[in-house]
Amino acid sequence: MLFLNSVHASVIVYPLTVITATSESEESKSRISGALVLTLLLSLPLGLVVVGAAVFVGAPELGLMAWLALICWQLQETARRALMARFSCRKALIGDAISYLCQ
């Protein structure tokens, strides 16, 4: 899952961070929304890899739960990085606190 999250970070999160930091507020809102949609679309093939790995190790019942965890992790990371790029660190801190407490 760490490797798959790195794929997501390099394809979606890093470009979003760079573009959002240098764009206007209205333009960055649409880019953030687009990044969240792309995250959901990318979670389909990445999730299939997670489910396939779970089946391979003999725990298919964990595959869907791991896929859901991956989706939540990637959506939270996308929103967090977008907030950090817009210097909304207090808002990002709230999401981080909720995420770390739930983990």
Side-chain angles (χ1 to χ4, degrees):
M1 283 184 61
L2 288 173
F3 173 75
L4 297 177
N5 202 35
S6 297
V7 170
H8 169 260
S10 64
V11 172
I12 295 176
V13 174
Y14 179 73
L16 173 69
T17 303
V18 172
I19 291 170
T20 302
T22 60
S23 63
E24 297 295 323
S25 179
E26 288 301 317
E27 184 181 347
S28 66
K29 287 180 183 179
S30 67
R31 291 179 191 253
I32 293 168
S33 299
L36 291 170
V37 169
L38 287 174
T39 296
L40 289 173
L41 290 175
L42 185 63
S43 71
L44 295 174
L46 297 181
L48 291 175
V49 172
V50 170
V51 170
V55 169
F56 181 74
V57 298
E61 64 278 355
L62 295 179
L64 293 177
M65 294 304 288
W67 190 352
L68 179 63
L70 183 71
I71 291 170
C72 291
W73 184 7
Q74 290 178 347
L75 287 173
Q76 190 267 340
E77 185 64 21
T78 303
R80 177 181 169 275
R81 292 291 181 102
L83 288 170
M84 295 293 263
R86 295 181 67 200
F87 299 108
S88 299
C89 297
R90 288 180 193 249
K91 292 177 183 176
L93 183 64
I94 294 168
D96 285 346
I98 293 169
S99 172
Y100 294 130
L101 288 173
C102 290
Q103 290 176 20

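No single ILVMFWY cluster, assembled from side-chain heavy atoms under 4.5 Å apart, contains both Phe56 and Phe3. When hydrophobic clusters are built by joining Ile, Leu, Val, Met, Phe, Trp and Tyr residues whose side-chain heavy atoms come closer than 4.5 Å, directly or via intermediates, Leu46 is not grouped with Leu68. Linking Ile, Leu, Val, Met, Phe, Trp and Tyr residues whenever their side-chain heavy atoms come within less than 4.5 Å leaves Leu2 and Val13 in two separate clusters. Hydrophobic clustering (ILVMFWY, side-chain heavy atoms < 4.5 Å, transitive): Leu62 and Leu48 are in distinct clusters. Placement of Val51 and Leu44 within a single hydrophobic cluster is found when ILVMFWY residues are connected by side-chain heavy-atom separations under 4.5 Å, directly or transitively.
Each side chain to side chain donor-acceptor pair (under 3.5 Å) pair with one or both residues in residues 44-56, not counting sequence neighbours, would appear here, but there are none. Evaluation of the salt bridge (charged side-chain N to carboxylate O under 4.0 Å, His left out) test over residues 50-75, restricted to residues two or more places apart or in two chains, returns none.
Here the closest non-hydrogen pair linking Ser10 and Pro15 is O-CD, 3.6 Å. Annotation for Gly63 and Ala54: closest pair CA-CB, 3.6 Å, computed over non-hydrogen atoms.
By the side-chain contact (heavy atoms from CB on, under 4.5 Å) test, Ile71 is found to be paired with Leu40, Ser43, Trp67, Leu75, residues two or more places apart in sequence or in another chain being considered. Partners of Met65 by side-chain contact (heavy atoms from CB on, under 4.5 Å), not counting sequence neighbours: none found. Partners of Thr17 under the side chain to side chain donor-acceptor pair (under 3.5 Å) rule, at least two apart in sequence or in another chain, do not exist in this structure. In this structure, the side-chain contact (heavy atoms from CB on, under 4.5 Å) partners of Ala66, at least two apart in sequence or on a different chain, are Met1, Val50. Applying the side-chain contact (heavy atoms from CB on, under 4.5 Å) rule to Ala35 yields the partners Ile12, Leu16, Thr78; only residues at least two apart in sequence or on another chain are considered.
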- Task: Could you walk me through whether Glu77 and Thr39 pass the side-chain contact (heavy atoms from CB on, under 4.5 Å) test, one step at a time?
- Result: CA-CA 10 Å; Glu77 185 64 21; Thr39 296; over 6 Å; no

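Here CG of Leu42 is found 8.5 Å from CG of Leu70. Values are rounded to the nearest 0.5 Å.
Val18 belongs to a hydrophobic cluster whose remaining members, ordered by chain and number, are Tyr14; membership requires side-chain heavy atoms of ILVMFWY residues under 4.5 Å apart, directly or through intermediates.
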